[in-house]
Amino acid sequence: MSNQPIQNQHEDAYMSLMRGLKELDLRVPCVPSDLVLTGDHAFPLAMNSRGQVLMAASLYGRGRIVVLGHEGYLTTFPALVENALTWLRGDGSDNLSVGVHNKVKAVADNLSKSSFQAKVGGAFGDSRDVGVYVTDAYSVGGEVKDLLAFLKAGGGILIAGQAWNWASMHPKENTLLQFEGNKVCGVTGIYFSKHQAETECLPVYPQIPSSWMAVVIGKDFEDDLEFLLEGVSEFDIQGPSIASEILVHGSLAFPIGTNANGQTFLAGAYYGQGRVIVVSHEGFLRRETLAPFWNNAIHWLDEGRQGVVGVANNAPKPLGISGLKCEKTDFRDDLSVFVCTAYSDNHMEEIRDFVAEGGGLLIGGHAWYWAQSHPGKNEVTDFPGNHILNTMGLSLLRETIPGGLHKAPVPNQAIKDTYHFRHLLHRFACHVSQGEKLSKHEEEHLKKLGKDCASYLKMKAHNCSSYTQVVSTLTDIVMKSGMPQVCESCPVTSPKDHLLIIVAPEVYKVCPNPDALLPYLIQHNPLMPVVYNHKININVNTAGGEEWISTGLYLSPGMKTYMALPAEIVNKEWKIQIGCQTDSLKNAELKRAPSVHERFPVTSQMMQVWNLWGGLIYLVAPPKTQVEGLEVTVQMAVPAPYYKSGETTPAAWSLLRTAPSPWAELEFDNIILTVPSDVVRELERPDELAALWDDIMKAIADLAVIPHKFPRKERFVTDVQISHGWMHAGYPIMTHRSTAAEMVSTDNIRTKGLWGPIHEMGHNQQRSCWEFRPHTTECTCNLWSVYVHEEVLGINREKAHPAMTLEKRNGRAKEYAKGGNKLSSWSMWVALETYMQLQDKFGWDAFKKVFAAYHKMSNFPNDNDGKMNLYAETFSQTVGMNLCGFFKAWGWPIERATEEKLYNLPPWTDHPMVQYG
């Protein structure tokens, strides 16, 4: 990942095509067609102030094409035509022979003084061995196949014309597919549309022209939806099959089935001369209730050819197909429609060409499971199905769609009523640029648009013109609107601000000039003193999973640095992480941006890293990794207050605690605390705090019966907002900023305790073999809170937490018994009472022996009933007393077999629940 300016590969082609031209005066008596561009290779050459494209170019196979929106332009702009012929001839070709259709013979006359040799004829077949062919858009009739073969093999085509006149005389025809010129240039991703383009005198821009007004939908799709939805009033996607969301982003792509939130599970698109339909779970192809739709869909894809429908061996045959021959087959290009799943990208290029040249594609599958099983991968670019679909304007996402019954859209209302990425992006750009008011419906979908923009930008398709148009549009929006300067006292709540705070960081990553954008994103970014060529020694033994290695360094927002890394860790799944906060937010009110860390896979010995939000620098070591004595050098970074037990001297700390970074870290023997720096500025004795935390961590290990040296140090990160709860467990444990001061004060810990943080570390000690979800999820972790408070801090359980007074404990037990001892009510504090009664009677040693016994067991039951019986048996054997009566009094499902195993042990007859019997 680099923050260098990003260049579109088509820019060189554009420069060649526009060489020497200062302006294009299109105010000649020609009314051109607005050209619609799709796919990865088409790019505009001339765009008017309304964002309409009047000239464009593209690549197909090994060949090139230039399309002009009116045949008159072939003679109006001779210099442009000559540039076009030079570019179309291809790099390194010395073939100066140009075939010219006699309908545009004037081009040959203009070329008489050039180095090109024109051959005029009445058809392409008359132009043998030419390097480039020039024609109008009305004369390609019976020669489409030959022209496409010529293009694919490396030939160049210059074609000009307009389709609006033809469309007015053929109102029932599909211009994109039926107009003669589109049968050639449509295959390459450029279409003559039925719309007239406005003419003006256009300057020739130094780069490929772009405009926020160009982010539009290229068709209204009403006729397509009428055909597809004939006899279809709703889509039944109920049941256990979980569909992925489809991102519909192409100018010729459209949603067909959506839920009330605007999430699409069924979509279609035009691609070249062909069509595609995507359904985001292949199981829906077999669904009886959808059979009428599949019948319509296959016929829409077949386009009246009455050809063969080929179904890939791993794909279900769609139900309800009538009148067409259907066979199981691998991909073949003689099919009319190919049906496959999205889990393979076999035949990717052939399938794309097959559709571009008129074939139909029906593809089914979801990306959510792939995304879950490929952590760290980007499904938009890496999921196999998207290798086929992205260029067609559709992408499968990791987001899921709940099952349900969804109304089919009303064809003539679809664009107005259905969420469409491009349409709403265009409307939002109008709102930002021209102050146009958004409808309530549009405002409600802005948050979704923000998420979709973020997904789309992750495509990083910098060589695709429609992608660069969207990047340009979003860059423009961010520069005009700025990014909300979110903080605790200034939270983000409006849909518009939500969109901006989600989109702006993603635009920053992919726009051509991120440094120019930075001041619009981070308005308060003071310069901080830095250290240069800072060396970090690495000794790692990751027995306990992925591990973050602190560097004691910080990067300011947008600040870039290089890191020199040892060869031993390159391409070995190591990463560099900037930022300590890895929680992603989905909250309605945001007190910080939703995602504020960046990760860079270590792929070379010199890496440039950065993060819009800034953050502490970490190396992330993969699991099961051992390295010793390696050195990493950070070229330039801001020092952070960083204390490490056994390494940082008191003298060094007295300076370090004043270091300018806003984040500080205290690394002790078994725990690392990441806190705002202001809470450690006055910390004079970190060694005393370290000793207390060492005692706490030893106690946690003692109760869990694990070695005092943790396989991986626990981590805490305190921040202004986290993904859920007041705190939550994991690596790192996340908690709110207000906890930070309490965690770094020995006085506070000794007098008031730390129930919450130790509760979270208790979560990290829970094991599923003695956990009975959901009952004990928030319960057994509290055993560690009670133990640490009493055994280390000397704080009685009644004072450690207000819920632990004897009065409240007894009240809960009594109420539970009164309610019939139902396990449905046995959770959290009520469930904890069961364990506390055992502790009151048998002490902590009994728990330690039980946990130790579990360490030696294997083949645990998977169900709660089995696990509860095993626990009752294990605890009974450990304390030498039959506890079946006690557990039954708590409503546990104790089986006869368990009672028989414990029959010889004396029963606990006077347990506390007896009084409520």
Side-chain angles (χ1 to χ4, degrees), residues 242 245 261 263 368 371-372 375-376 397-402 447-448 450-451 454-455 484 486-495 497-498 501-502 505 545-546 548 577 579-599 613 615 663 671-676 712 714-743 754-768 771-785 801 803 827-832:
I242 301 172
E245 183 175 354
N261 298 325
Q263 291 179 292
W368 61 263
Q372 283 178 12
L397 303 180
R398 67 180 60 218
E399 278 74 24
T400 58
I401 296 185
K447 207 167 158 186
K448 173 163 175 51
K451 271 179 62 184
S455 297
V486 62
C487 63
E488 195 162 13
S489 58
C490 192
V492 159
T493 52
S494 75
D497 283 350
H498 257 277
I501 204 158
I502 290 168
E546 178 183 275
W548 302 3
Q577 177 174 305
C580 59
Q581 172 53 284
T582 51
D583 261 7
S584 190
L585 300 181
K586 294 186 171 73
N587 307 47
E589 181 180 89
L590 296 171
K591 295 174 183 173
R592 66 162 173 86
S595 178
V596 289
H597 77 288
E598 286 293 341
R599 276 192 166 189
W613 307 104
W663 287 98
I671 192 164
I672 303 163
L673 307 176
T674 307
V675 294
R712 172 176 71 180
E714 292 279 24
R715 270 187 179 275
F716 269 88
V717 171
T718 61
D719 198 12
V720 63
Q721 193 172 16
I722 65 176
S723 61
H724 56 277
W726 181 245
M727 303 181 187
H728 69 77
Y731 183 82
I733 295 166
M734 297 284 182
T735 175
H736 280 76
R737 185 178 285 172
S738 53
T739 317
E742 298 164 12
M743 291 173 69
L754 280 177
W755 185 279
I758 295 164
H759 167 103
E760 300 306 337
M761 286 196 283
H763 272 306
N764 284 356
Q765 294 303 326
Q766 286 173 321
R767 292 186 63 203
S768 67
E771 268 284 284
F772 319 125
R773 292 180 182 278
H775 313 291
T776 56
T777 306
E778 292 301 323
C779 154
T780 49
C781 50
N782 287 324
L783 293 171
W784 275 266
S785 290
H801 195 287
S827 63
M828 205 168 171
W829 296 112
V830 176
L832 183 61

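Just so you know, these numbers come straight off a predicted model, no measurement behind them. Hydrogens, waters and symmetry mates are skipped; everything else that's a heavy atom, side chains included, is used.
Rounded to the nearest 0.5 angstrom, Thr777 OG1 and Met828 CE are separated by 10.5 Å. Here Gln721 contributes atom CD and Glu488 contributes atom CD; the two are 9.0 Å apart, rounded to the nearest 0.5 Å. To the nearest 0.5 Å, atoms OH (Tyr731) and OG1 (Thr582) are separated by 10.0 Å. Between atom CD of residue Gln577 and atom CH2 of residue Trp548 there is a gap of 4.5 Å, rounded to the nearest 0.5 Å. Once rounded to the nearest 0.5 Å, the distance linking CD1 of Ile671 with CG of Leu673 reads 5.0 Å. Expressed to the nearest 0.5 Å, how far OG of Ser785 lies from CG of Leu832 amounts to 9.0 Å.
With contacts defined as side-chain heavy-atom distances shorter than 4.5 Å, the pair Gln263/Pro402 qualifies. Within the 4.5 Å cutoff, the side chain of Lys448 has no heavy atoms near those of the Asn261 side chain. Between Gln765 and Thr780, every side-chain heavy-atom pair lies at or beyond the 4.5 Å cut-off. Asp719 places none of its side-chain heavy atoms less than 4.5 Å from the side chain of Met734. For the pair Cys487 and Val720, the minimum side-chain heavy-atom distance is 4.5 Å or more.
Minimum heavy-atom separation, Ala454 to Ile502: CB-CG2, 3.9 Å. Contact detail for Ser595 and Trp613: the closest heavy-atom pair is O-NE1, 3.4 Å. Of all the heavy atoms in Ala371 and Arg398, the pair that sits closest is CB-CB, 3.6 Å. Pairing each heavy atom of Leu590 with each of Ile501, the nearest pair is CD1-CG2, 3.8 Å. A pairwise comparison of heavy atoms in Val717 and Cys580 identifies CG2-O, 3.6 Å as the closest pair. Nearest heavy atom pair, residue His736 against residue Gly725, reads CE1-O, 3.4 Å.
Side chain of His763 to main chain of Cys781: no donor-acceptor pair is present (N/O by atom type, distance under 3.5 Å, no hydrogens or angles). Side-chain atoms of Thr776 never come within 3.5 Å of backbone atoms of Cys779 as a donor-acceptor pair (strictly under, hydrogens ignored).
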Exercise for the section: Test Met727 against Thr739 for side-chain contact (heavy atoms from CB on, under 4.5 Å), laying out the working first. Expected result: CA-CA 9 Å; Met727 303 181 187; Thr739 317; 3.7 Å; yes

Handout entry: Derivation of the side-chain contact (heavy atoms from CB on, under 4.5 Å) call for Asp583 and Arg592
Key = CA-CA 11 Å; Asp583 261 7; Arg592 66 162 173 86; 3.5 Å; yes

Exercise for the section: Please assess Gln581 against Thr674 for the test side-chain contact (heavy atoms from CB on, under 4.5 Å), listing each intermediate value before the final yes or no. Expected result: CA-CA 10 Å; Gln581 172 53 284; Thr674 307; over 6 Å; no

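Ring geometry, His724 versus His728: the interplanar angle falls under 30°, so the pair is classed parallel (tilted spans 30 to 60°).
Here Arg737 pairs with nothing under the side-chain hydrogen bond (donor to acceptor under 3.5 Å, both in side chains) rule; sequence neighbours left out. In terms of the ring pair (Phe, Tyr, Trp, His ring centres under 6.0 Å) criterion, residue partners of His801 (sequence neighbours excluded) are, by chain and number, Trp755, Trp829. Not counting sequence neighbours, the partners of Trp368 by the ring pair (Phe, Tyr, Trp, His ring centres under 6.0 Å) test are His366.
The 12-atom threshold is exceeded at NZ of Lys447, counting heavy atoms of other residues, nucleotides or ligands nearer than 6.0 Å.
A salt bridge links Arg599 to Glu546: one of the charged nitrogens lies within less than 4.0 Å of a carboxylate oxygen.
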